[in-house]
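What follows is one structure encoded as structure tokens, with my remarks underneath.
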Amino acid sequence: MATVDEPTVAQEALESRQVQHKEIGEDYPHQDLPHFTWRAIIVGILIGVLLCFTNMYFGLQTGWISMMSLQSSLLGFALFKAAKHYLKVPFGPAENIVLQSVAVATGTMPLAAGFVGIIPALQMMTLDDNPATDTYAGGPVFLSSGQMILWSLAVAFFGVFIAVPLRRQVIIKEKLPFPSGTATAQMIGVLHNTPLVVRGAVRRARDSNDAATTDGGVRRRRPTSGKEGDEEEAFDDIKHRDGEGRTGLTPLDEVPSQQPLGQVAPVDYISKEELEREDVVEIKGENGEHFTLSQNFLQEDNWRLNMTALALAFGASAVYTILQYFFPVVSTIPIFDWLSGMTVTVAGTWQWYLTPSLSYVGQGIIMGFPTTASMLLGCVVGWAILSPIVTHKGWVTGPVGSSTSGARGWILWISLGVMIAEAVVSLLGVIVLSLIAHYRRRIREQRRAERKATLEAAATQTGANVDAFSELEEDLEDEDAPIDQLVPLKIWVCGLILSAALCLLLIWGAFRNQRMPAYATLLAVVLGCILSVLGVRALGSTDLNPVSGIGKVSQFVFAGVVPGGIVANLLAGGIAEAGAQQAGDLMQDLKTGHLLGASPKAQFYAQLIGSFASVFISTGVFKLYSSAYELPGPQFAVPTAKVWLDLARLVNGHALPHNTGPFIWGFAAFFAILTLITVVYSDVAFLRSRSRNGSVRGRPRWVGWIPSGIAFAIGMYNLPNFTLARFVGGVVSLWWDWHCKKYANHPTARFAKLGRVFLIIIASGFVLGEGCFSILNLILKTANIHSKSCVGCYASACSCN
């Protein structure tokens with residue numbers, strides 16, 4: 001009998017494996033397509049160049065920088081879709097992930113290397129900030145192109161190497177949600193018609209109906225409602241298995257992603273019926289993007305309509321950008337003067353005018369109404385209340401728009417206090433959350449070890465099969481990618497050491513005469529590594545990378561390390577911010593790749609290539625802007641640089657402006673309390689989601705409507721014209737959500753059926769249009785081609801080119 005059964009069992013196993021491989025081939029047709037290709041690298045760099053110009057333009061103007069992961073993947077897909085008849089190998093999802101990794105790394109270098117903050121801040125220093133010596137003239141520090149390249153190379157890589165060892169802990173073991181990374185994976189999955197997958201090792205099939213995984217290592221998604229109590233019942237069930245180990249236990253598998261905790265509360269127009277459709281995914285991405293997407297998005301009519309809308313939005317924004325160069329008055333509409341019948345001049349005196357820029361309206365659409373409302377609140381408090389008070393009381397002597405002697409410089413200190421308060425509370429929240437999560441994980445592991453010992457003891461007495469215990473144990477963490485797709489240990493260890501050494505060497509070469517000792521640089525790198533870990537954890541659980549707060553914490557530390565050294569203080573903050581930015585960017589991309597089965601090694605190399613290319617691209621772009629425009633100046637105020645410099649002065653003993661102290665402490669305390677409430681509810685929701693094995697329940701929706709301290713501060717230190725345009729975008733976003741909710745099922749409401757994704761695409765076109773065509777304005781400015789008419793312009797409100 002045994003000789004008959006053994007071949008039968010082997011034959012059944014072979015047939016089962018063949019069926020499984022066939023099913024996997026049908027479900028995942030893209031799994032054999034290449035991951036790393038040079039065509040993806042080249043197109044990614046080209047898209048990254050556009051993002052770099054866009055981020056440099058808006059970063060110098062208002063301090064706004066965006067990763068634009070969703071936009072990069074969409075643009076890449078659109079380009080390759082248009083050229084699909086000329087492609088020998090189809091453009092797959094893993095290749096798209098590599099493309100957007102390169103694009104994001106290239107496009108965010110203006111922030112990572114401090115081109116919109118640290119470098120302009122060095123140029124804004126005075127002799128009081130940087131005294132002269134026998135060998136050094138002192139005062140502002142203007143870096144040459146070579147020095148900028150050295151500085152950028154110094155900070156461009158060590159954050160990338162930091163992210164590699166963190167990946168297994170935060171993505172594989174702890175399964176932090178990384179909402180923007182998950183949103184990008186969902187977008188790419190819909191574009192390429194492929195489901196989200198996680199690679200898994202071969203596991204024993206529990207019964208003939210449970211073919212969840214294969215030798216190919218692809219695990220199918222399966223919903224679960226597992227809770228800690230269910231896990232206890234599962235172990236009890238194992239104890240009572242029969243000798244063959246059969247049981248009716250529902251397998252533990254992939255958990256649904258939780259609600260992004262760091263996002264603003266969007267207005268839901270998404271019905272439960274729509275979410276329950278199998279072909280619909282809900283996407284919650286960066287800066288509040290929230291929409292559903294289905295395969296209908298790729299239908300020819302819908303795709304053509306969306307791409308037409310993108311092109312028209314891009315074109316309209318481009319036309320406005322060129323128009324405002326030749327006729328600057330169109331960017332300074334004195335709307336409040338008009339409303340008053342021209343009886344007051346709030347535009348020229350108090351800076352209250354409207355810039356009807358489509359790009360800033362687009363930013364407001366993407367940010368959402370709650371964020372833009374927080375910005376408007378900061379704008380009203382700063383520019384409509386505090387500014388007149390400090391001016392009429394004589395606490396400032398210069399014009400309102402002056403950042404040195406006017407009300408603008410005075411209220412900037414209030415915004416700085418708010419940002420510091422929120423940064424400190426948020427980072428403390430990350431630390432506490434990490435400690436609690438680590439403690440709870442240790443307790444769970446200890447309990448599992450005890451249960452395993454109990455089961456093994458019971459098995460020796462009853463002869464029960466305890467193999468299912470190892471099956472359950474496997475489900476405690478996601479299976480990793482194949483070993484040949486992981487970054488080798490020697491690569492990231494040697495890379496981290498060499499990148500840190502490179503940072504030391506290059507910063508010494510670029511700033512050896514600027515009072516930046518080598519030990520201070522080494523400490524800055526070490527501190528940057530530690531703070532980058534916190535930044536990655538914050539990004540994973542809240543979708544907010546507190547790079548600004550990390551830089552400010554580093555500035556506080558270095559006030560004691562190099563007393564009186566403002567240059568060293570700025571550079572140390574820049575190093576910490578760069579590390580956190582690069583590590584966070586790569587970790588978001590690695591989450592995207594993990595959900596779609598992309599090679600982590602391919603993404604790692606893509607990030608390095610994009611960062612290296614952007615060192616030279618960003619340097620060239622910044623030199624173009626600094627040679628054509630005054631930085632800071634009327635058109636590019638570089639507010640982030642002023643924040644960096646003011647904090648460096650403060651922590652190094654410089655006095656606060658007259659009467660700012662009580663206001664700083666008052667607003668800082670108020671927003672510290674609001675941030676604490678947000679952090680507590682977010683952390684509790686996150687921990688509950690972990691204990692429920694991925695419950696979709698998140699924090700209460702009203703928490704998303706608590707005013708954001710960072711948004712409030714941005715509204716305060718930016719001029720009102722930019723905030724007003726963003727608020728218009730927020731209102732449009734709110735109205736569109738209502739419109740889609742009301743008319744989504746109306747037979748003639750074609751645009752409402754396209755949902756919020758249609759509006760996000762239009763907003764992206766607005767942003768990219770002005771960002772890209774600012775290149776043409778830059779060329780015109782460099783060529784000394786001036787404005788055609790300055791009619792309607794007035795001092796401190798608009799300036800002719």
Side-chain angles (χ1 to χ4, degrees), residues 35-58 64-83 91-112 178-192 283 285-287 289 291 293 297 306-307 310-311 313-314 362-363 366 545 581-582 584-593 595-596 598 602-603 605-611 613-614 617-618 757 760-769 771-772:
H35 293 220
F36 183 97
T37 64
W38 286 106
R39 67 182 184 182
I41 296 296
I42 293 172
V43 174
I45 290 177
L46 293 177
I47 294 175
V49 170
L50 299 181
L51 298 184
C52 184
F53 269 98
T54 300
N55 282 330
M56 189 75 75
Y57 176 79
F58 293 116
W64 186 80
I65 296 286
S66 177
M67 287 177 61
M68 293 193 177
S69 300
L70 292 173
Q71 290 82 352
S72 298
S73 61
L74 180 62
L75 286 175
F77 178 81
L79 291 174
F80 279 99
K81 181 178 174 65
F91 180 65
E95 197 176 359
N96 198 341
I97 291 171
V98 169
L99 182 150
Q100 67 92 25
S101 295
V102 176
V104 169
T106 306
T108 55
M109 188 58 70
L111 174 62
F178 288 95
S180 289
T182 301
T184 304
Q186 292 170 324
M187 167 72 84
I188 294 175
V190 170
L191 292 176
H192 294 272
I283 297 178
E286 183 191 15
N287 295 325
E289 296 121 319
F291 52 91
L293 203 59
F297 179 75
N306 280 292
M307 291 302 100
L310 177 65
F314 184 94
Q363 291 175 25
I366 294 173
N545 192 352
Q581 177 69 32
Q582 295 284 53
D585 286 354
L586 180 56
M587 199 61 70
Q588 287 276 33
D589 294 340
L590 289 174
K591 179 67 174 183
T592 301
L595 292 174
L596 286 170
Q603 294 178 263
Y605 289 133
Q607 180 87 7
L608 290 178
I609 292 172
S611 297
S614 193
I617 295 169
S618 298
V757 64
I760 294 293
I761 288 175
I762 292 175
S764 300
F766 286 158
V767 174
L768 292 173
C772 293

Requested in this report: For side chain to side chain contact (heavy atoms under 4.5 Å, CB included), just list the numbers for Leu51 and Leu768, CA-CA rounded to whole Å, side-chain angles, deciding distance to a tenth of an Å, and then say yes or no.
Outcome: CA-CA 8 Å; Leu51 298 184; Leu768 292 173; 3.8 Å; yes

Would you say [X] and [Y] make side-chain contact, with heavy atoms under 4.5 Å?
X      : Y      : value
Ile41  : Trp38  : yes
Ile65  : Phe58  : no
Tyr605 : Val98  : no
Phe91  : Lys81  : no
Cys772 : Phe314 : yes

Would you give the length of the straight line joining atom [atom1] of [X] to atom [atom2] of [Y], rounded to the nearest 0.5 angstrom?
X      : Y      : atom1 : atom2 : result
Gln363 : Phe766 : CD    : CZ    : 12.0 Å
Leu595 : Phe178 : CG    : CZ    : 11.0 Å
Ser72  : Met187 : OG    : CE    : 11.0 Å
Leu74  : Ile760 : CG    : CD1   : 11.5 Å
Asn306 : Ile762 : CG    : CD1   : 8.5 Å
Ile188 : Ser73  : CD1   : OG    : 4.5 Å

Can you give me the closest heavy-atom contact between [X] and [Y], atom names plus distance?
X      : Y      : result
Ser764 : Gln71  : OG-NE2, 3.0 Å
Gln603 : Gly593 : OE1-CA, 3.4 Å
Ala183 : Leu70  : O-CD2, 3.6 Å
Asn55  : Gly107 : ND2-O, 2.8 Å
Ala606 : Ser101 : CB-CB, 4.1 Å
Ile47  : Ala103 : CG2-CB, 4.1 Å

Query raised in the report: Going through the checks in order, is the side chain to side chain contact (heavy atoms under 4.5 Å, CB included) test met by Met109 and Met56?
Result: CA-CA 9 Å; Met109 188 58 70; Met56 189 75 75; over 6 Å; no

Query raised in the report: Given Phe80 and Val43, is the side chain to side chain contact (heavy atoms under 4.5 Å, CB included) satisfied, shown in steps?
Result: CA-CA 9 Å; Phe80 279 99; Val43 174; 3.8 Å; yes

Query raised in the report: Any chance the side chains of Gln581 and Asp585 put a donor and an acceptor closer than 3.5 Å?
Result: yes

Report task. Indicate whether any N or O donor in one side chain lies under 3.5 Å from an N or O acceptor in the other, for Ser69 and Gln588. Result ->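 There is no such pair (donor and acceptor under 3.5 Å, judged by atom type) between the side chains of Ser69 and Gln588.
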
Query raised in the report: Do the side chain of Thr54 and the main chain of Leu50 share a donor and acceptor less than 3.5 angstrom apart?
Result: yes

Report task. Verify, without hydrogens or angle tests, whether Thr106 (side chain) and Gly48 (backbone) share a donor-acceptor contact under 3.5 angstrom. Result ->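 The answer is no, because no donor-acceptor pair under 3.5 Å joins these two groups.
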
Query raised in the report: side chain to side chain donor-acceptor pair (under 3.5 Å) between Thr184 and Gln100: does it pass, once the steps are laid out?
Result: CA-CA 9 Å; Thr184 304; Gln100 67 92 25; 5.1 Å; no

**Report entry** Derivation and outcome, side chain to side chain contact (heavy atoms under 4.5 Å, CB included), residues Ile45 and Ile617
**Finding:** CA-CA 10 Å; Ile45 290 177; Ile617 295 169; 4.3 Å; yes

